[in-house]
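In listed order, ligands and their atoms are each counted from 1. Counting begins at 1 with the first residue of the sequence. Just so it is clear, the values below take in all heavy atoms, side chains as well, and ignore hydrogens, waters and symmetry mates.
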Amino acid sequence: MVEKVTRSIVIVGSTGSIGQQALEVVRAHPAELRVVGLAAGKRLDVLARQVHDFKPSYVNAPSLTAAQEWHGAITTTLENLCELPEADLVLIATVGSTGLAPTLTAIRARKLVALANKEVLVMAGQWVMAEAQRVGVPILPVDSEHSAVWQCFAGDCRLGGDLACSSIERIILTASGGAFRDRPIEELAAVSREEALAHPNWVMGPKVTIDSATLMNKGFEVIEAHWLFGLPYEKIDVLLHRESIVHALVEFYDGSLRAALGPPDMRIPVQHALTYPERFPASWPRLKLTEIGKLSFSPLNRRRYPCFNLALDAAKTGGTAPAVLSAADDVAVRLFLEGKIGFADIPNVVDRALQAHRLIAQPTLDDVLDADRRTREDLEASLDRGTRRA
Ligand SMILES: NC(=O)c1ccc[n+]([C@@H]2O[C@H](COP(=O)([O-])OP(=O)(O)OC[C@H]3O[C@@H](n4cnc5c(N)ncnc54)[C@H](OP(=O)(O)O)[C@@H]3O)[C@@H](O)[C@H]2O)c1
């Protein structure tokens with residue numbers, strides 16, 4: 001009998017959608033998976049319950065003072081949490097730029113890093129992947145499409161600091177099309193927050209759900225794939241696939257295509273990353289292909305998704321542009337969720353930030369962090385000047 005891995009895990013962003021699903025996976029495998037550290041943002045009530053249930057040694061949240069006992073765990077800094085000697089793997093499940101520092105800390109401490117927080121690679125993929133390669137640790141994809149690509153590679157490509165593989169002709173990421181895929185384009189200006197948060201296939205955190213409705217999410221995923229797999233943008237395609245059953249395909253240079261299928265359930269890619277290189281059994285509902293009947297694929301209507309176009313343009317421009325894209329989108333989505341701008345204003349806010357930015361083509365990591373900070377400050381300042389509608 002094959003012996004299963006036993007793994008001690010830190011979860012950064014444990015109270016969010018991915019963090020809570022990761023804890024469900026841990027709960028299902030108590031003998032093999034152990035939580036040694038949890039970090040969250042504001043939801044201390046949820047964090048307290050998690051500490052009670054999973055008994056990590058250490059815990060972190062911005063409002064908790066370090067080195068105190070809190071519900072039986074010791075409070076510590078986020079940095080300490082990501083380099084705990086007893087941790088094997090750090091899951092980064094925060095959103096936006098918050099995940100960058102913990103990701104770099106975990107890599108430098110030679111932990112396995114399971115990365116859900118895609119904005120980290122959008123803004124700073126070059127530095128994250130270079131650091132992972134220098135230290136010799138893999139970055140394990142959690143996003144369903146990237147996990148699918150990774151699983152399609154099996155046997156053909158090595159998982160290392162990057163997954164680059166010369167026999168790949170292209171990869172295809174699928175997109176559900178989000179909440180408004182069938183809405184007439186002229187109606188998009190008037191859609192509500194609640195309508196935008198109703199994703200047709202996935203239940204996720206608010207930021208990624210809105211990013212799915214604008215398809216900024218798919219643009220981010222193209223950038224994420226570029227860095228994770230070391231592929232040029234010409235080799236990364238996107239297809240509309242309404243059913244969210246085929247998560248990605250890989251086409252090899254002999255014309256063979258391999259696809260990874262599964263129900264739209266993030267616990268599957270989360271478990272795959274947490275237990276890599278093993279596969280653990282799971283009892284969640286199975287895909288019933290006969291019930292689904294048929295799978296559809298079609299090209300994206302790019303006119304419907306200006307955010308997707310902005311993301312691809314920023315990706316190809318490179319330098320500080322993707323960091324500005326991500327920071328501006330973060331602010332724009334927050335403003336939309338707060339009811340301060342309309343849905344159709346999101347691409348306008350992002351576009352304005354990109355137009356106003358003075359590009360640094362060969363930035364340092366500090367330049368990227370500076371671009372992120374300045375973009376947020378400039379957008380906030382323009383709001384303070386009373387220009388809340390884009
Ligand atoms: N959800 C999905 O199904 C899904 C699928 C694919 C990819 N992703 C990606 O995974 C990432 C997480 O998404 P999500 O949907 O899980 O987001 P989410 O539900 O909004 O959760 C975000 C998490 O980050 C925490 N957080 C915020 N500020 C923090 C800080 N300063 N320090 C530590 N933790 C902090 C939040 O804590 P509080 O809640 O306590 O404030 C929460 O636990 C995103 O990049 C998303 O694109 C998500």
*asked:* For ligand 1 and Asn60, I'd like to know whether there is a polar contact (N/O to N/O, distance under 3.5 Å).
replied: no
*Checking Glu187 side chain against Pro184 main chain: does a donor-acceptor pair fall under 3.5 Å?*
no
*Short N/O distance, under 3.5 Å, between Ser144 and ligand 1?*
no
*asked:* I'd like to check whether Gly205 has a polar contact with ligand 1, where a contact means an N/O of the residue lying under 3.5 Å from an N/O of the ligand.
replied: yes
*Which option, Thr94, Leu81, Leu115, Leu91, owns the non-hydrogen atom nearest atom 35 (C) of ligand 1?*
Thr94
_Can you report which non-hydrogen protein atom sits closest to atom 1 (N) of ligand 1, along with the distance?_
Ser17 OG, 3.0 Å
*Nearest-neighbour protein heavy atom for atom 20 (O) of ligand 1, which is reported as residue plus atom name and distance*: Pro206 CD, 4.0 Å
*For Gly41, is at least one N or O under 3.5 Å away from an N or O on ligand 1?*
yes
_If we count only N and O atoms by modelled type, under 3.5 Å, do the side chains of His29 and Gln271 hold a donor and an acceptor together?_
yes
*Can you tell me if Asn201 uses its side chain to pair, donor with acceptor, with the backbone of Arg242 under 3.5 Å?*
yes
*May I ask you to check whether Arg43 has an N/O atom sitting below 3.5 Å from an N/O atom of ligand 1?*
yes
*Without swapping roles, check the side chain of Asn309 against the backbone of Arg302 for a donor-acceptor pair under 3.5 Å.*
yes
*Any N/O pair Gly96/ligand 1 closer than 3.5 Å*: no
*For atom 22 (C) of ligand 1, what's the nearest protein heavy atom and its distance?*
Ala93 O, 3.8 Å
_Val95, Asp211, Asp143: member with heavy atom nearest to atom 7 (C) of ligand 1_ = Asp143
In a table with atom names and distances, give each donor-acceptor pair under 3.5 Å that connects a side chain of residues 35-53 to protein atoms at least two apart or in another chain.
from	atom 1	to	atom 2	distance (Å)
Arg43	NH2	Thr15	O	3.2
Gln50	OE1	Ser14	OG	2.7
Gln50	NE2	Ser14	O	2.8

*Side-chain donor-acceptor pair under 3.5 Å between Glu243 and Ser296, yes or no?*
yes
_Heavy-atom nearest neighbour of atom 32 (N) of ligand 1 within options Gly13, Ser147, Ala40, Gly16_ = Ala40
*Mind checking the CD-CG spacing from Glu119 to Asn217? Nearest 0.5 Å is all I need.*
8.5 Å
*Check whether any side-chain N or O of Arg108 sits under 3.5 Å from a backbone N or O of Val135 as a donor-acceptor pair, and report yes or no.*
no
_From CA spacing to verdict: side-chain hydrogen bond (donor to acceptor under 3.5 Å, both in side chains), Thr375, Asp378_ = CA-CA 5 Å; Thr375 302; Asp378 291 351; over 6 Å; no
*Indicate yes or no for a side-chain donor-acceptor contact from Gln21 to the backbone of Ser17 under 3.5 Å, with no hydrogens or angles considered.*
yes
*Hey, is Lys207 touching ligand 1 through its side chain, its backbone, both or neither, going by heavy atoms under 4.0 Å?*
neither
*Looking at ligand 1, does any of its N/O atoms fall within less than 3.5 Å of an N/O of Pro62?*
no
*asked:* Starting from atom 47 (O) of ligand 1, what is the nearest protein heavy atom, named by residue and atom, and what distance separates them?
replied: Lys118 CE, 3.0 Å
*asked:* Please state which option from Glu224, Met266, Gln50 has its nearest heavy atom closest to atom 5 (C) of ligand 1.
replied: Met266
*With a 4.0 Å heavy-atom cut-off (strictly under), which part of Thr98 contacts ligand 1: side chain, backbone, both or neither?*
side chain
*Which is it for Ala116 and ligand 1 at heavy atoms under 4.0 Å: side chain, backbone, both or neither?*
both
*Are Glu380 and Arg334 within salt-bridge range, i.e. N to O under 4.0 Å?*
yes
*asked:* Does any N or O of ligand 1 fall below 3.5 Å from an N or O anywhere on Lys42, backbone included?
replied: yes
*Would you confirm whether Arg258, through its side chain, and Cys152, through its main-chain N or O, come within 3.5 Å as a donor-acceptor pair?*
yes
*Ignoring hydrogens and geometry, is there a side-chain-to-backbone donor-acceptor pair from His146 to Leu228 under 3.5 Å?*
no
*Just need the protein heavy atom nearest to atom 16 (O) of ligand 1, so name the residue and atom and give the distance.*
Ile18 N, 2.9 Å
*Please report which non-hydrogen protein atom sits nearest to atom 45 (O) of ligand 1, along with the residue it belongs to and the distance in Å to one decimal place.*
Glu119 OE1, 2.8 Å
*Can you name the one residue among Asp370, Asp329, Asp330 that meets salt bridge (charged side-chain N to carboxylate O under 4.0 Å, His left out) with Arg376?*
Asp330
*What are the atoms of ligand 1, with element, lying closer than 4.0 Å to any heavy atom of Thr15?*
36 (C), 37 (O), 38 (P), 39 (O), 40 (O), 42 (C), 43 (O)
*asked:* Tell me whether Val208 has any N or O atom under 3.5 angstrom from an N or O of ligand 1.
replied: no
